[in-house]
Amino acid sequence: HRFTEEKKEEAMPNDDTTTTCYLHCCWSEIVFCNGFHQVTSLEYDHKNVRYYLPHEIAFLTELTDLRLFANHGFGTLPESLAQLTKLETFVISGNFHTGTIPTVFASMPRLQAIKAQYNGLVGTIPSEFGTASSLESFNVAQNKLEGTIPPELFDNPTLSYLYLDHNALIGTLPTTLTKYTVLRRLEFNRNLLTGTIPTEVGLLTELNFFTMYSNRFSGTIPTQFGLLTALNSLELDSNRLEGTIPIEITSLTKLSHTLGLSGNDLTGTLPTELGRLRELSNLLLHNNRFVGTIPTQFGFLTSIAYDLDLDSNQLSGTIPSELGKLTKMSHLHLESNPKLSGTVPDSFQYLVLLKELTAYDNELTGNIPEGLCDLKRNGTLEKIEFDCNLNCSCCDEYCF
């Protein structure tokens with residue numbers, strides 16, 4: 001605002017003419033202006049600068065985009081920002097801002113996205129954002145927010161992306177979260193949330209990501225998750241869930257990222273129908289009380305590129321040779337299943353992208369396939385851990 005009347009004369013090279021630009025509009029790739037020399041966008045990402053947001057920023061009345069991602073911003077958020085009635089995108093993620101989220105931000109008529117994750121914001125989430133008429137994305141993850149999730153948030157018919165993870169929120173999930181079905185992403189992980197998962201979640205038919213790991217949720221996994229056929233990732237790890245894996249979950253054939261159920265108190269056998277999830281990249285089932293054998297149908301999960309974690313259960317029987325078909329897999333964890341028996345399949349030598357293989361604390365016998373040791377010698381397989389009774393020419397020095 002200080003430069004609204006200042007001009008800068010610049011001589012064009014090899015030309016006797018001159019062009020005029022207003023000084024503040026000459027900051028290429030940072031400040032963008034309209035034809036009337038009014039600032040419409042400030043994009044100051046990854047500049048490693050120390051700044052604070054002054055009240056005078058409200059003078060930039062034509063501003064539509066304010067992006068200050070990954071700097072050293074500090075101080076509180078001025079309520080005068082709400083005077084920027086044309087602002088559509090507000091990004092301050094990756095800074096050190098403190099204080100509360102101003103309630104008046106909810107009155108900004110064109111504001112579509114608030115991205116304020118990775119700061120030090122405190123206080124509660126204003127319920128007024130349930131009436132923010134244009135808000136589509138609300139990201140206040142990785143702050144120090146407390147209190148409950150306002151049920152009014154889900155009165156907002158435009159809200160599609162909600163990130164509340166990594167805070168200190170308490171209470172239960174509002175059943176009103178299913179009031180509108182435009183929600184595409186819900187992230188509640190790493191809070192102190194309790195209660196059961198509302199069965200109404202099955203009404204969110206547009207949902208792509210649902211993550212609520214590392215909370216204190218209890219009860220069973222609702223069968224209604226099977227209705228969310230657009231889901232790419234379902235992450236319910238590290239809670240207090242019990243019961244069996246609902247067979248309905250195996251109909252989520254668009255799961256391409258993660259099915260995470262680890263760190264709960266789930267029981268029963270592993271459904272053979274999990275083999276239908278052929279686009280899955282991660283299957284995390286460790287630290288439960290599953291019994292029975294590892295389904296041979298897991299050999300159909302050929303898209304797994306990261307983790308197949310079955311450790312710390314009560315699985316029995318032999319390791320299916322079909323797991324050798326998961327040639328994109330990088331981590332396979334089978335340890336701490338005391339009743340797992342038989343030998344290590346020769347087919348494991350085809351797991352050419354494998355970085356970690358752990359299968360100790362069980363009843364496995366025999367030899368480790370030499371093909372696996374070749375992967376270790378070639379440097380691809382970084383970690384291989386078995387019980388000391390197995391014959392292994394390449395296992396890590398520390399055996400079990």
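Along the sequence shown, residues carry numbers from 1.
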Sole candidate of Thr89, Ile57, Val91 that passes side-chain contact (heavy atoms from CB on, under 4.5 Å) when paired with Leu66: Ile57
Would you list the pairs meeting ring-ring contact (aromatic ring centres under 6.0 Å, His included) in which at least one residue belongs to residues 235-272, sequence neighbours left out? Phe209-His257
Sequence neighbours excluded - ring-ring contact (aromatic ring centres under 6.0 Å, His included) pairs with any residue from residues 289-319: none
With sequence neighbours left out, what residues match [X] under salt bridge (Lys or Arg N to Asp or Glu O under 4.0 Å)?
X: Asp346; answer: none
X: Asp65; answer: Arg67
X: Glu206; answer: Arg184

Is the number of heavy atoms from other residues, nucleotides or ligands within 6.0 Å of NE2 (His72) greater than 12? yes
Counting only heavy atoms from other residues, nucleotides and ligands, does the tally under 6.0 Å from CZ of Phe154 exceed 12? yes
Can a salt bridge be assigned to the pair Asp265 and Arg289 using a cut-off of 4.0 Å between side-chain N and carboxylate O? yes
Does this structure show an ion pair linking Glu363 with Lys339, if we count only N-O contacts that are shorter than 4.0 Å? no
Results of ring pair (Phe, Tyr, Trp, His ring centres under 6.0 Å) for [X] - residues two or more places apart only:
X: Phe129; answer: Phe138
X: Phe217; answer: none
X: His166; answer: none

Residues pairing under salt bridge (charged side-chain N to carboxylate O under 4.0 Å, His left out) where one sits in residues 186-203, two or more places apart or in two chains, turn out to be Arg185-Glu187
Using only atom types and a distance under 3.5 Å, with no angle test, would you say the side chain of Thr380 pairs donor to acceptor with the backbone of Leu353? no
Are the side chains of Leu351 and Met329 in touch, meaning some heavy atoms are under 4.5 Å apart? yes
Near-ring test His97/Tyr51, centroid separation under 6.0 angstrom: yes
side-chain contact (heavy atoms from CB on, under 4.5 Å) involving [X] - partner list, sequence neighbours excluded:
X: Thr103; value: Pro126, Glu128
X: Val291; value: Thr269, Gln314
X: Thr131; value: none

Heavy-atom nearest pair, Ala116 first then Leu121, reads CB-CD1, 4.0 Å
Do Cys394 and Cys373 have their SG atoms less than 2.5 Å apart? yes
